[in-house]
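Every value quoted in this text rests on a predicted model; they were computed, and no experiment measured them. Labels below follow one simple rule: chain letters A, B, ... track the order of the sequence lines, proteins then strands, and each chain is numbered from 1.
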Amino acid sequence: MAEIIAHPRKAVAINPLKTSAPLGAALAFLGLDACQPLFHGSQGCTAFALVLMVRHFREAIPLQTTAMTEISTILGGADHIEQAISNIHQRARPRIIGLCTTGLTETRGEDMIGDLKLMRARHPEWHDLSVVFAPTPDYTGGLQEGWATAVTAMVNTLVPDGEATPAGCAPAVRDQINLLAGSHLTPGDLEVLREIVESFGLTPIILPDLSGSLDGHVPDRYIPHTLGGTRLEEIRAMGRSVHTLAVGEHMRGAADALTQRTGVPFTLFDHLVGLAANDRLVALLSDLSGRPAPPSLRRRRSQLVDAMLDGHFHFAGRQVAIAAEPDLLLALSALLAGLGCTIRTAVTSAASPVLAHVPAGRVTIGDLDDLETGARGCDLLVTHAQGAEIAKRLGIPLFRAGFPLFDRLGAAHRVTVGYRGSRDLIFEIGNIFLDHRSEHAPGHPPLHHEEDDDDRTIGSQAAAG
Amino acid sequence: MLKQKLQDVLNEPACATNQAKSTQDRRKGCSAKALVPGAAAGGCAFDGAKVALQPIADAAHLVHGPIACEGNSWDSRHAASSGPRLYRTGLTTDLQELDIIHGGEKKLFRAIGDIIERFDPPAIFVYQTCVPALIGDDLVKVCGLAAARFGKPVIPVNAPGFVGTKNLGNKLGGEALLDYVIGTREPEHTTPYDINVLGEYNVAGELWQVTPLFERLGIRLLASITGDGRYHDVCCAHRARVNMMVCAQALINLARKMEERWGIPYFEGSFYGIGDTSTALRTIARLLVERDAPADLLTRTEALIAEEEARAWTRLARYRPVLAGKRVLLYTGGVKSWSVISALQEMGMIVIGTSVRKSTETDKDRARDLLGPDARLFDQIPAREMYRMLQDGEADILISGGRTQFTALKARVPWLDINQERHHAYAGYDGMVEMVRQIHLELTNPIWTQVRAPAPWEQGA
């Protein structure tokens, strides 16, 4: 059990690890087909998030703003929302608008749900438009939390309530399952998960599905909103699935909401990296489908085992410093520790129940400066692209993971889930260790283990905000 | 106080766009037209202020606000530094819900103290953002108290995002320099050749394509405002003999007020394009001589211009055979367009259209003169229309900022980046040669025939 350290008195974040909650919500909405995310805030809120996502995905990103000004903030922004929705409805014709608040409009405080109801009454022409509202103040949580809020809002707004509507009571489709995807999964990961699920003869509805929209394809015409991603009809059909897989602890809220609305039970996976997690997935899919694991998966499992056998020599005893959002932190540190690395420094962006399970002495809720301070003498840094300067300063190799990865091609296509993704991840990190073998050999002080001089009782502690 | 400042900046008498407006429009400010909910694009005032000031490389830049303002944007511009790296450190008070309930002033004060203790910078710029502005955190007061307590310049930059556009923020950044920085220190010595360059941010190291030219003429760059800038140099900027304003729209208020306050004449110039670079050097020399620099500077400048122009045109000549006849769609804001048009035309390229959305009437006339009657001047091209133009083969290459990058690429049309995120430096004589080289590389890249080939299942369709 890791001890969780928060810095309630720390006044300044130095080299932030965190990106904002509205950005995470927008990213989730980009996984819906024919969707246009909209930030209720000043135009800068949208511009910064937009630029960062464009740099990460190397794609045009549809993201709009209600363009709040000082005066409209004070007077209340309902008419800006109304005007924004009208403009988007006319110009881009999306089927869904994902409306996210920001720090600015949340500080002011508005009755968004009430306002939206009144607007809809005034605009009968919006009848074919769904508006999903996600309250995402910038001052609470980060990308992962914003993503979770948006997915929960999608479920509560778009999935018919089983009790209330007769359609919800339609018989279950026997081979259909739901997959609630966490923000730590890339479009490439989702593509692979779909294949794995389908190899059991099951049909997954993935929510949200970035593999359809942000997988870097070249469309043959101009589309002003998302193209690809979960379709509205699919979301409405989620109540007829036999089971829901939720990937990431931060998907628990959405999974709970889905169960409450539809009665479909769920199984939660913190992540799908490494042998144990994937064995659990395969066992569950086998159960649900009544089919044995297909030969291709068995072969891949064997390849992963072989990669662990070949690779573990290079991981054993290595000291790693890692900074990532909670669910990704758990996924990567579990894999590394599972191959014999010591997680010397673990930094994350926000409190989460999974932090206690991170295989490290302690987890700091902090910034990349905490990572830098704790990384001296480590063999590997793991964090997003903003860690590159730190790695250079410390002379420690960097394995890039998380968001944003603006200095890498193919960030959307990196796969780390499934047997094969885990195998390749072991190769990729193992090769970094191989490249840096000699640098840390003679003349280097002997490995120092934090637990050697740590006489505290290691336990978990409630973390503050 | 911020309100007064805004009125002042929006009334800028030296701004041609502003002067062309009616009194009523002027009062609405630069941003009145741009902000349409659901159809707006571009950065906020905070973004603009940060763009203008952050290149001061040895200073700390602290953003007072929730995580979005700094967390989503830190270290994202390629304003290069020849030494200090502190400006690339992301610093924010990362306001949490409780900070907003209790007010963020104390946290801000402690943050300033922590930064001074940790980094000991010559100065800290503190940027206001929307949320603390809304809850009434008094940035000026906290910065004043901190400056007194810690004995360091702590400069409030009062440009919360919701007061307007990025351009307005540039100007508010300039105001902060006027109010708190410029004139607070005397240079160790002065020369008759001292100049400042305003509004050049050293993106991709462009300033360094120009400073060797200054050095050869014996012109001293007293303060770069702010590319590769140093805080103490900016403090001494009031002793320069001439101000050159590079990004005219951005810091015109600064140039005009420096003239008012310290009698420094300014001119608007550009280092994009061969002709414009020569004109800029010529104007600097003339203004310096008018202010008592030895007159031989003029002849030395002409000699340098003749040599550099000849060298540049010789180097460019080899690209002409490939580039001649190729059609360019130029889509960028501000002065950059006019400056490169002549170089492209000299290569025999045909500029089929250019954007004029940030341009004055004078600029538009100039574009019409350069491009002839057939060229189109665009205010804004909707993405859908631009995609169609490119898909229909109306241009061989799009030269633009990052915002339209994927419109070109998805239409499988060559694209050249001239935005602030670009990686190549295009200033001065060498920069223009580099730009033409990059256009050549892009147009002749072997991928274009490959990616336009039909898929197997499309053969014969």
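- Here B/D75 contributes atom CG and A/Q386 contributes atom CD; the two are 5.5 Å apart, rounded to the nearest 0.5 Å.
- Top candidate by heavy-atom pairs under 4.5 Å with chain A, chosen from B/G71, B/G65, B/C69, B/P160, is B/G71.
- Although no hydrogens or angles enter the test, the distance criterion places no donor-acceptor pair under 3.5 Å between the side chain of A/Q64 and the main chain of B/P37.
- One distance of note links NZ of B/K410 with CG of A/D220; it measures 12.0 Å at 0.5 Å rounding.
- Counted within 6.0 Å of CZ on B/R149, heavy atoms from surrounding residues, nucleotides or ligands total 12 or fewer; the atom is thus considered open.
- No more than 12 heavy atoms of other residues, nucleotides or ligands sit less than 6.0 Å from atom CD1 of A/I71.
- Both the backbone and the side chain of A/P219 come within contact range of chain B, with heavy atoms under 4.5 Å apart.
- The candidate from B/D94, B/T92, B/V131 with the greatest count of non-hydrogen atom pairs under 4.5 Å with chain A is B/T92.
- Between atom CG of residue B/N72 and atom OG1 of residue A/T46 there is a gap of 10.5 Å, rounded to the nearest 0.5 Å.
- Atom-to-atom distance recorded for A/M68:CE and B/C44:SG is 14.0 Å, nearest 0.5 angstrom.
- Summarising the geometry, atom CD belonging to A/E70 is positioned 7.5 Å from atom CG belonging to B/L6; distances are rounded to the nearest 0.5 Å.
- Taking A/I81, A/I85, A/L52 one by one and counting their heavy-atom pairs under 4.5 Å with chain B, the maximum is reached by A/L52.
- Across A/R108 and B/L134, no two heavy atoms sit closer than the pair N-CD2, 3.9 Å.
- Counting heavy atoms from C-beta outward, B/R384 and A/P224 have side chains that approach closer than 4.5 Å.
- Of the residues considered (A/V218, A/D367, A/L104, A/I223), A/L104 shows the highest number of contacts with chain B, using heavy-atom pairs under 4.5 Å.
- Residue contact with chain A, scored on non-hydrogen atoms closer than 4.5 Å, involves the side chain of B/L62 exclusively.
- When side chains are defined from C-beta on, A/I14 counts as touching B/L91, because their heavy atoms get closer than 4.5 Å.
- Looking at A/S20, the atoms closer than 4.5 Å to chain B (heavy atoms on both sides) sit in the backbone and in the side chain alike.
- At a threshold of 4.5 Å between non-hydrogen side-chain atoms, the residues A/R58 and B/L409 do not count as touching.
- When all heavy atoms of A/Q43 and B/G43 are compared, the pair lying nearest together is NE2-O, 3.1 Å.
- Counting heavy-atom pairs closer than 4.5 Å to chain B, the top-ranked of the candidates A/G77, A/A47, A/P16 is A/P16.
- The minimum heavy-atom distance linking A/A67 with B/A40 is given by the pair CB-CB, 4.3 Å.
- With a threshold of 4.5 angstrom between heavy atoms, A/T73 approaches chain B through side-chain atoms but not through N, CA, C or O.
- Looking at A/H217, only its backbone comes within 4.5 Å of chain B, counting heavy atoms on both sides.
- Summarising the local packing, CZ of A/R221 is surrounded by 12 or fewer heavy atoms from other residues, nucleotides or ligands at distances under 6.0 Å.
- For A/L23, the part sitting under 4.5 Å from any heavy atom of chain B is the side chain, from C-beta outward, and nothing else.
- For B/E70, the salt bridge (Lys or Arg N to Asp or Glu O under 4.0 Å) partners at least two apart in sequence or on another chain are B/K50.
- Of all non-hydrogen atoms in A/A11 and B/A111, the two that sit nearest each other are CB-N, 3.5 Å.
- Contacts of A/E389 with chain B are made by side-chain atoms alone, with heavy-atom separations under 4.5 Å and no backbone atom involved.
- Heavy atoms of A/L50 lying under 4.5 Å from chain B belong exclusively to its side chain.
- For chain A, the nearby parts of B/I67 are the backbone and the side chain; heavy atoms of each come within less than 4.5 Å.
- Interface summary for chain B: among A/N15, A/L63, A/N87, A/T19, the most heavy-atom pairs under 4.5 angstrom belong to A/N15.
- Looking at B/R388, neither its backbone nor its side chain comes within 4.5 Å of chain A, counting heavy atoms on both sides.
- Counting non-hydrogen atoms of neighbouring residues, nucleotides and ligands closer than 6.0 angstrom, the CD atom of A/E125 exceeds 12 such neighbours.
- Under the 4.5 Å side-chain criterion, counting only non-hydrogen atoms from C-beta, B/F406 is not in contact with A/F57.
- Contact count against chain A (heavy-atom pairs under 4.5 Å) is highest for B/I100 among B/T93, B/L95, B/I100, B/D114.
- Within the structure, no pair that satisfies the side-chain hydrogen bond (donor to acceptor under 3.5 Å, both in side chains) test touches residues 134-144 of chain A, not counting sequence neighbours.
- Contact annotation for A/L368: only side-chain heavy atoms (C-beta onward) come within less than 4.5 Å of a heavy atom of chain B.
- Using cut-offs of 30° and 60° on the angle between ring planes, the pair A/Y222 and B/Y387 is tilted.
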